[in-house]
S.K.: 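Before anything else, here's the structure in question.
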Amino acid sequence: MTGEPRAALRDVTLRDGLQLTGKRLPTERKVAVVRELLRLGVPAVEVGSLARADLVPAMANTLEVVERLSPDELARCWVWVATPRHVQRAAEAGAVNFQYCLSASDSHNRANIGRATEDSLAAMPRAVEHALDAGGRIQLCIATAFTCPFDGFVPERRVLDIATDPRAAGATDVVVCDTLGQAVPGQVTSLITKIAGHAPPRRIVYHGHDTWGLGVANSLAAIAAGAAEVDGALGGLGGCPFAPGAGGNTSTEDLLFALRPDWLTPSTFARIVELSGELLDELGEPNRSRAAQGARSSATAFPWALVHGQENPAPRSS
């Protein structure tokens, strides 16, 4: 046990993780990754986005992935959306969990979504309506909650105004995103604490990047301040194609090693490390996970280390 407050993990490899990759994964491979992550115990998986395929080619088959998944699987899967029409299309394919994203910074919202932040907020009630009509849930996702690649520092007041905007009242969660990975734990603690204290009561999710090496530290700070879920990607894969300077996501392996949820065992962790390595090799991407590197060390007396490619048979430490 780590003594850290408990929080769930959502794996975002197949959405945020794939956005900057040069290779595309076929539908069958994406479905297999989703099912393996769910089988291993990962509570939630982001399976893709409705971003324009000509701008983000890796997301072109998202709806095909959704159509291949069962209702039980889709109950634990999320789709990134940015317009009411996105929600409709995803719902028609079978999705029930929608992450409605906008940026705290107008400049990034225009680069990422093609409109002002105010326009995205104005459209959110229709997106909420479509999500409810589908019997689903919708999150308010606030990108560039700390810094913007074009405008620099983003004031806390700006993020709080969005989180408390009545047009987002139907959202079950608010996702706070360190899109560029430039925040430090003190900033994360401050913003999450204010959202928890002033925004409508809803679950807080923290989405961090590890560009400056503080992905895990910031995630733990968010959890201590009240976040109930954190996002990660296998091997630290990913970044935003519309945010210059955005590095990879916080690694799923690193977050799991730090949090040690009840469902995670050394054997399960070993398979996640293995899956991550397989996927990154397919994509020709480097593995940025420090925990994955540590697991492959020669410290064979440590139960979380791998032994000759297999999990260490030693019992889990208490």
S.K.: Are Phe150 and Arg110 close enough that some pair of their side-chain heavy atoms sits under 4.5 Å apart?
M.R.: no

S.K.: Treating Ser219 as the side-chain partner and Gly215 as the backbone partner, does any N or O pair qualify as donor plus acceptor under 3.5 Å?
M.R.: yes

S.K.: Would you give the length of the straight line joining atom CG of Leu40 to atom OG1 of Thr265, rounded to the nearest 0.5 angstrom?
M.R.: 9.0 Å

S.K.: Are Glu36 and Arg39 within salt-bridge range, i.e. N to O under 4.0 Å?
M.R.: yes

S.K.: Is a donor on one side and an acceptor on the other found under 3.5 Å between the side chain of Arg203 and the backbone of Glu229?
M.R.: no

S.K.: I'd like to know if the side chain of Thr62 and the backbone of Ser49 have a donor-acceptor N/O pair within less than 3.5 Å.
M.R.: yes

S.K.: Please, which pairs that meet salt bridge (charged side-chain N to carboxylate O under 4.0 Å, His left out) have at least one residue in residues 61-73, sequence neighbours excluded?
M.R.: Glu28-Arg68, Arg35-Glu73

S.K.: Carefully, step by step, assess Glu253 and Leu234 under the rule side-chain contact (heavy atoms from CB on, under 4.5 Å).
M.R.: CA-CA 7 Å; Glu253 300 97 305; Leu234 293 172; 4.2 Å; yes

S.K.: Does Ser297 use its side chain to pair, donor to acceptor, with the backbone of Gly294 at less than 3.5 Å?
M.R.: yes

S.K.: What pair of heavy atoms forms the shortest contact from Ala199 to Ala163, and how long is it?
M.R.: CB-O, 4.0 Å

S.K.: Are any of the side-chain heavy atoms of Trp263 and Val42 separated by less than 4.5 Å?
M.R.: yes

S.K.: Do side-chain atoms of Tyr206 reach the backbone of Gly226 as a donor and acceptor pair under 3.5 angstrom?
M.R.: no

S.K.: Begin with the C-alpha distance, continue with both residues' side-chain angles, and end with the deciding distance and a verdict on side-chain contact (heavy atoms from CB on, under 4.5 Å) for Ile272 and Leu264.
M.R.: CA-CA 10 Å; Ile272 290 173; Leu264 188 72; 4.3 Å; yes

S.K.: Tell me every residue that passes salt bridge (Lys or Arg N to Asp or Glu O under 4.0 Å) with Asp119, counting only those two or more places apart in sequence or in another chain.
M.R.: none

S.K.: Shortest non-hydrogen contact from Asp178 to Ala183?
M.R.: OD2-N, 3.2 Å

S.K.: Please walk me through it: do Ser103 and Asn112 pass side-chain hydrogen bond (donor to acceptor under 3.5 Å, both in side chains)?
M.R.: CA-CA 8 Å; Ser103 302; Asn112 194 33; 4.6 Å; no

S.K.: Any idea which heavy atoms bring Phe98 and Ala90 closest together, and the distance?
M.R.: CE2-CB, 3.7 Å

S.K.: Side chains of Trp212 and Leu180: does their closest heavy-atom pair fall under 4.5 Å?
M.R.: no

S.K.: Nearest 0.5 Å please: distance from the CD1 atom of Ile142 over to the CD1 atom of Ile162.
M.R.: 5.5 Å

S.K.: Between Thr250 and Asp210, do the side chains contain an N or O donor and an N or O acceptor separated by less than 3.5 Å?
M.R.: no

S.K.: In this structure, are over 12 heavy atoms from other groups packed under 6.0 Å from Arg76 atom CZ?
M.R.: yes

S.K.: When you measure from the side chain of Asn61 to the backbone N and O of Leu25, does any donor-acceptor pair fall under 3.5 Å?
M.R.: yes

S.K.: Ion pair present between Asp161 and Arg157, side-chain N to carboxylate O less than 4.0 angstrom?
M.R.: yes

S.K.: Working to the nearest 0.5 Å, report the span between CG of Leu121 and CZ of Arg167.
M.R.: 5.0 Å

S.K.: Does this structure show an ion pair linking Glu46 with Arg10, if we count only N-O contacts that are shorter than 4.0 Å?
M.R.: no

S.K.: Of all the heavy-atom pairs spanning Glu156 and Ser190, show the shortest one and how long it is.
M.R.: OE2-OG, 2.6 Å

S.K.: Could you check whether Arg271 makes a cation-pi contact with Phe269, meaning its NZ or CZ is under 6.0 Å from the centre of the six-membered ring and within 45° of the ring axis?
M.R.: no

S.K.: Using the side-chain contact (heavy atoms from CB on, under 4.5 Å) rule, take Asp173 and Ile204 through it: C-alpha gap first, then chi angles, then the decisive distance, then the call.
M.R.: CA-CA 6 Å; Asp173 311 325; Ile204 298 174; over 6 Å; no

S.K.: Could you check Leu69 against Cys77 for side-chain contact (heavy atoms from CB on, under 4.5 Å), going step by step and ending with a plain yes or no?
M.R.: CA-CA 9 Å; Leu69 297 171; Cys77 293; 4.1 Å; yes

S.K.: Answer yes or no for Arg15 and Trp78: cation-pi contact, defined as NZ/CZ to six-membered ring centre under 6.0 Å and angle to ring axis within 45°.
M.R.: no

S.K.: Return yes if some donor-acceptor pair links the side-chain N/O of Asn249 with the main-chain N/O of Gly232 below 3.5 Å, else return no.
M.R.: no

S.K.: Could you pull out the closest heavy-atom pair between Met124 and Ala168, with the gap in Å?
M.R.: SD-CB, 3.8 Å

S.K.: Of all heavy-atom pairs between Lys23 and Leu283, which one has the smallest distance, and what is that distance?
M.R.: CD-O, 3.7 Å

S.K.: For the atom pair CD (Gln293) and CG (Asn287), what is the distance rounded to the nearest 0.5 Å?
M.R.: 7.0 Å

S.K.: Find the distance between CG (Leu9) and CG (Leu256) and round it off to the nearest 0.5 Å.
M.R.: 5.0 Å

S.K.: Return the CG to OG1 distance between Asn109 and Thr144, rounded to the nearest 0.5 Å.
M.R.: 7.5 Å

S.K.: Counting distance only, does the side-chain N/O of Asp11 pair as donor-acceptor with the main-chain N or O of Val45 below 3.5 Å?
M.R.: no

S.K.: Please list every donor-acceptor pair under 3.5 Å in which a side-chain atom of residues 129-137 meets a protein atom from a residue at least two apart or in another chain.
M.R.:
from   : atom 1 : to    : atom 2 : distance (Å)
Arg137 : NE     : Asn97 : OD1    : 2.9
Arg137 : NH2    : Asn97 : OD1    : 3.1

S.K.: Short question: side chain of Thr13, backbone of Ala233 - any donor-acceptor pair under 3.5 Å?
M.R.: no

S.K.: Can you say whether the rings of His86 and Trp80 are parallel (under 30°), tilted (30 to 60°) or perpendicular (over 60°)?
M.R.: tilted

